[in-house]
Visitor: 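My questions will all concern the structure given below.
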Amino acid sequence: MNAKLEDGLKKLNIELSKAQINQLELYAESVLEFNKTYNLMKADSADELFVNHVLDSLAAVPSLSKILEAKDRAWEIGDIGSGGGCPGIPLAVAFPQHNFTLVERMEKRCAFLQSAVKKLDLKNVKINCIQANFVEKESFDLEVFRAFHPFDKKITKLLLDMLKKDGILAAFKAREEKITAEMEEIKFMVPEFKKIKLTVPFLEDHERNLVIIEKK
C-alpha cells in the first residue's frame, strides 16, 4: 500500500478493507495515466494525488458518517461538478452502502469517470454527463462538491433545487473568511449553516472546512 495513503487513513481513523484500498490505488493509477494526455487533476505523483485529492476528500468521512447514519437506508448522493472524480469516487469507496451519481458536463472527464468506475468495479456509482442545471430537481438526499463554484445566488438555487426536502449540502471549502463572505451574500436563501473544520493529513497547515446546509 502507498505509505502516504496508509498513514493518512490512520490519521483520519478510517478503516478500509484491502479491496477498498485496492480501489483507491487503482483510481490513483487511472488518474495519473489519464493525466499524461489530458490534464485531469493537478498531481505529478501518486503521493501528491493521494494527499491533495484522495485524503482531502476522505477528510470529511467522519463528519459525513454521522449525517448518513441518521437514517437507516441508502442515501442518494450527488457529486456536483465531479471533474476527475473527487470527492465522489473516494467517498463512494468509503461508503459502498450508499448510491453516488457523479455529475459532470465535460465529455473527456465523463469518459475518464466511466472508465475509472468500471475499472474499480464501483457498483454504487453512476455517471450523469450533463450540465448541473439540467439535472432533475429533487434528485439527491445529499450533495457534495469540491472546487465546483463559490456560493452565489444562482449556484445556491441550483444546488438547493437538486436536493430533496430535508436534504443536505456538504461543500468542501478552504478559508473561513472566504466562507463568511460567500454565506453573507446568500443569507436570505440560507439563513443557517454549519462549518466543520477538517484536518487533511500532510496538509495540516492548509485551512479546510466543510460547510453543511440543510434544505428545509
Side-chain angles (χ1 to χ4, degrees), residues 1-62 64 77-96 98-130 132 144-149 170-174 198-208 210:
M1 193 201 314
N2 177 279
K4 278 278 195 282
L5 177 61
E6 185 176 15
D7 291 349
L9 290 171
K10 282 179 186 168
K11 288 184 178 187
L12 291 170
N13 200 24
I14 296 172
E15 288 187 24
L16 298 180
S17 67
K18 284 184 180 177
Q20 287 169 302
I21 288 162
N22 185 50
Q23 285 177 315
L24 292 177
E25 295 197 307
L26 274 175
Y27 172 59
E29 281 176 25
S30 301
V31 171
L32 292 171
E33 185 60 34
F34 203 79
N35 266 1
K36 291 176 184 175
T37 51
Y38 183 74
N39 190 20
L40 183 69
M41 297 170 82
K42 191 175 182 300
D44 296 323
S45 67
D47 281 0
E48 190 179 352
L49 183 69
F50 280 127
V51 172
N52 291 343
H53 301 289
V54 174
L55 291 173
D56 184 73
S57 299
L58 293 175
V61 164
L64 292 177
I77 302 171
D79 176 15
I80 313 303
S82 188
C86 283
I89 287 179
L91 292 179
V93 169
F95 295 115
H98 298 290
N99 303 314
F100 286 77
T101 299
L102 311 183
V103 178
E104 174 54 49
R105 66 183 177 85
M106 292 183 68
E107 286 185 16
K108 279 187 180 175
R109 289 176 182 169
C110 286
F112 167 77
L113 293 172
Q114 298 276 15
S115 162
V117 165
K118 187 175 180 181
K119 189 174 183 179
L120 273 61
D121 195 26
L122 281 172
K123 303 275 196 257
N124 61 328
V125 179
K126 62 181 180 183
I127 317 300
N128 195 353
C129 195
I130 195 172
V144 293
F145 69 86
R146 178 178 173 268
F148 175 51
H149 275 288
F172 288 70
K173 295 282 184 180
L198 299 179
T199 302
V200 181
F202 314 108
L203 291 177
E204 286 85 359
D205 56 342
H206 288 57
E207 190 179 349
R208 296 294 280 154
L210 193 68

Visitor: Could you pull out the closest heavy-atom pair between D121 and Q23, with the gap in Å?
Guide: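 Of all heavy-atom pairs spanning D121 and Q23, the closest is O-NE2, 4.0 Å.
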Visitor: Between the side chain of Q20 and the main-chain N/O of V93, is any donor-acceptor distance below 3.5 Å?
Guide: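 Pair found, side chain donor or acceptor close to backbone of V93.
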Visitor: Heavy-atom count check: over 12 atoms from other residues, nucleotides or ligands less than 6.0 Å from K126 NZ?
Guide: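 At most 12 heavy atoms, drawn from other residues, nucleotides or ligands, come within 6.0 Å of this atom.
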Visitor: Indicate yes or no for a side-chain donor-acceptor contact from N128 to the backbone of V103 under 3.5 Å, with no hydrogens or angles considered.
Guide: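 Not at all, since once roles are kept as given, no pair shorter than 3.5 Å links the two residues.
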Visitor: Enumerate, atom names and distances included, each donor-acceptor pair closer than 3.5 Å involving a side-chain atom of residues 42-50, sequence neighbours excluded.
Guide:
from, atom 1, to, atom 2, distance (Å)
S45, OG, E48, N, 3.2
D47, OD1, N2, ND2, 2.9
E48, OE1, D44, N, 2.9

Visitor: Please lay out, stage by stage, how L113 and S82 fare under the test side-chain contact (heavy atoms from CB on, under 4.5 Å).
Guide: CA-CA 9 Å; L113 293 172; S82 188; 4.2 Å; yes
Visitor: Report yes if some heavy atom in the side chain of D56 is under 4.5 Å from a heavy atom in the side chain of R146; otherwise report no.
Guide: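 Yes; the side chains approach each other to less than 4.5 Å.
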Visitor: State whether the side chain of S57 and the backbone N or O of H53 hold a donor-acceptor pair below 3.5 Å, judged by distance alone.
Guide: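 Yes.
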Visitor: Compare every heavy atom of D79 with every heavy atom of G88, then report the nearest pair and how far apart it is.
Guide: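 Answer, listing the atom of G88 first, then D79: N-OD2, 3.0 Å.
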Visitor: Could you pull out the closest heavy-atom pair between I89 and A116, with the gap in Å?
Guide: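 Nearest pair, atom of I89 first, then A116: CD1-CB, 4.4 Å.
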Visitor: For residues N39 and N35, report the shortest heavy-atom separation together with the two atoms involved.
Guide: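 Scanning both residues completely, I find the closest heavy atoms to be C-OD1, 3.9 Å.
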Visitor: Looking only at heavy atoms, what is the nearest atom pair of L91 and L58, with distance?
Guide: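 Between these two residues, the closest heavy atoms are N-CD2, 4.4 Å.
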Visitor: Distance from R105 atom CZ to I130 atom CD1, nearest 0.5 Å?
Guide: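 Spacing of CZ (R105) from CD1 (I130) equals 12.5 Å.
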Visitor: Got P201 and D7 here, is their nearest side-chain heavy-atom distance under 4.5 Å?
Guide: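 SC-SC contact between P201 and D7 ruled out.
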Visitor: Which residues pass the ring pair (Phe, Tyr, Trp, His ring centres under 6.0 Å) test with F34, not counting sequence neighbours?
Guide: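 Y38, F112.
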Visitor: Of the non-hydrogen atoms in M1 and E25, which two are nearest, and what is the gap between them?
Guide: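 Looking at all heavy atoms of both residues, the shortest contact is CA-OE2, 3.3 Å.
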Visitor: Mind checking whether F95 and V61 have side chains closer than 4.5 Å, heavy atoms only?
Guide: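 Heavy-atom side-chain distance check passes, below 4.5 Å.
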Visitor: Before giving the answer on side-chain contact (heavy atoms from CB on, under 4.5 Å), spell out for V125 and L120 the whole-Å C-alpha distance, their side-chain angles and the decisive distance to 0.1 Å.
Guide: CA-CA 10 Å; V125 179; L120 273 61; over 6 Å; no
Visitor: For E15, does the CD atom have more than 12 heavy-atom neighbours from other residues, nucleotides or ligands under 6.0 Å away?
Guide: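 For E15, atom CD is not crowded (no more than 12 foreign heavy atoms under 6.0 Å).
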